[in-house]
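Shown next, in C-alpha cells, is the structure this report addresses.
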There are 2 protein chains.
Amino acid sequence: MTRPVTTAGAPAVKVLPEPADLPAPLPEPGIDELRLETVLGALSDPLRLTIVRKLLLESEDFDHSCGWFGLDRPKSSLTHHFRALREAGITRQRQYGLERRSHVRVEDLDARFPGLLDLVAAWTPQG
Amino acid sequence: MTRPVTTAGAPAVKVLPEPADLPAPLPEPGIDELRLETVLGALSDPLRLTIVRKLLLESEDFDHSCGWFGLDRPKSSLTHHFRALREAGITRQRQYGLERRSHVRVEDLDARFPGLLDLVAAWTPQG
DNA sequence: CATGCAGTACGATTTGAGTCGTACTGATTG
DNA sequence: CAATCAGTACGACTCAAATCGTACTGCATG
C-alpha cells in the first residue's frame, strides 16, 4: 500500500486545523449517488488523473487551490476539469475567500469503490 | 472479494468445447502497454461495464461470443464496443469459426491494476 | 473605494465517441 | 456451390467533451 494514510485508526477529533466553521462545499453528489461509470469517466483523463494523484500524494491535510498544481493550462480549462471532478464526486471544493480549494473525498471513495484511489496513486503519466 | 474464482456450479454439458490449439488472439495491447486512463475510459460506459461484469460473473471458463450476452443492440454497435474493450486491453478475442469469442484478461488486469476488476464485478446498473 | 486577483460564465470551435443502417466478408453446412 | 450466419467495414449522424479566449464576478487588501 503506497497511499499515505491520513487518519489512522478512529479519529474522534477533527484533524484539519481549519476554522471551526468551514465554508459550505459546492454542490456535489452524495455518497449514495456516486456512480462507478461516472467516476471512471472522470478519471479517464490524464490531466484529471494528475490532479487527483497529486492531491493524494502531496496534499498535507490541507485543501489546495487551483494554482497550487502548477498546471500549464488556461484558467477556463482548469475550471472545467475541477468541476468535472467535483460533479463526479471525486473531489470536494470549498470557497476560501478568493480561492476555491479542493481535496479528494477519500473516505467516500474508499467506502464505495475500495482500491480505486490506490490505482490512481500508483498511476504514472506517459509510461 | 466477491468475484468468483472458477467454475462454481458445474455446467451440465460442455456446449462449446475448445480445440487444444487456440486460434491466435486478435491484436491487443501487451500487458506493459496497458494504460490506466485508457482502461478507465473503456469501463466508463454502462454497456461495456455490463459486458465485462457478465464475463466476470457468469462465464464458466469459456469464452463467449457476441450473441451470448443477449444485448439488444444492432450488430455494428456491438462490434464497436467489443473492439473498444479489446483495444483497451480489457478483453481478449479469438476467432472460432464463425464466432469471435471474448474473455476478460483477468491475470493481466489483476497484475497491473489490482482491485479494478472487483469494482466492476460489484457494479450494478442504474442504482 | 479602487485596484488586483482567483476563479467563473459564456460561447465558439474542434474532436472523438456512441449509434446504427447497409453492404460486405469469410467460415460452415446442407 | 449456394445459402446461411457471425461479425466487420464504412459512412452518416448526433452529441458530449475538451480547449480556450474574452468578459465578468466577487473577495481582499492597500
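Given the structure is predicted, the values throughout are model-derived calculations rather than measurements.
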Grab the two heavy atoms, one from A:Phe82 and one from A:Ser102, that are nearest each other, plus how far apart they are. CD2-OG, 3.5 Å

Should we say atom CD of A:Glu33 is surrounded by more than 12 heavy atoms from elsewhere, each under 6.0 Å from it? yes

Applying salt bridge (Lys or Arg N to Asp or Glu O under 4.0 Å), run through A:Arg105 and A:Glu28 and close with a yes or a no. CA-CA 11 Å; A:Arg105 294 172 59 180; A:Glu28 66 181 25; 3.8 Å; yes

Within one Ile-Leu-Val-Met-Phe-Trp-Tyr cluster: B:Ile90 and B:Ile31, side-chain cutoff 4.5 Å: yes

To the nearest 0.5 Å, atom CG of A:Asp45 lies from atom CG of B:Leu40 at 11.0 Å

Starting at atom CZ of A:Arg94, determine the distance to atom P of C:dG7, rounded to an integer number of angstrom. 16 Å

Checking side-chain contact (heavy atoms from CB on, under 4.5 Å) for the pair B:Glu37/A:Leu43: CA distance, chi angles, key distance, verdict? CA-CA 7 Å; B:Glu37 58 270 37; A:Leu43 291 176; over 6 Å; no

Between C1' on C:dG21 and CG on B:Leu78, what's the gap in Å once rounded to a whole number? 14 Å

Indicate whether OP1 or OP2 belonging to C:dG7 is found under 4.0 Å from a side-chain N or O atom of A:Thr79. no

May I have the distance from A:His80 (atom NE2) to C:dA6 (atom P), rounded to whole angstrom? 22 Å

Rounded to whole Å, the NE2-P distance (B:His81 to C:dA17) equals 12 Å

Could you tell me how far apart A:Arg101 (CZ) and C:dG7 (C1') are, to the nearest whole angstrom? 14 Å

Nearest 0.5 Å please: distance from the CZ atom of B:Arg35 over to the OG atom of A:Ser44. 12.5 Å

Starting at atom CG of A:Leu71, determine the distance to atom P of C:dG7, rounded to an integer number of angstrom. 11 Å

Judged by each residue's nearest nucleotide on DNA chain D, which is more toward the 5′ side, A:Gly97 or A:Gly41? A:Gly41

Measure the distance from CZ on A:Phe82 to P on C:dG7 and round it to the nearest whole Å. 8 Å

Of the options C:dA6, C:dC20, C:dT28, whose atoms approach the side-chain atoms of A:Leu98 most closely? C:dA6

Would you mind reading off the distance between A:His64 atom NE2 and C:dA6 atom C1', rounded to a whole angstrom? 17 Å

Comparing B:Gln95 with A:Asp45, nearest DNA chain D nucleotide closer to 5' gives the residue B:Gln95

Earliest and latest nucleotide of DNA chain D, 5' to 3', sitting under 4.0 Å from a non-hydrogen atom of chain B? D:dC5 to D:dA9

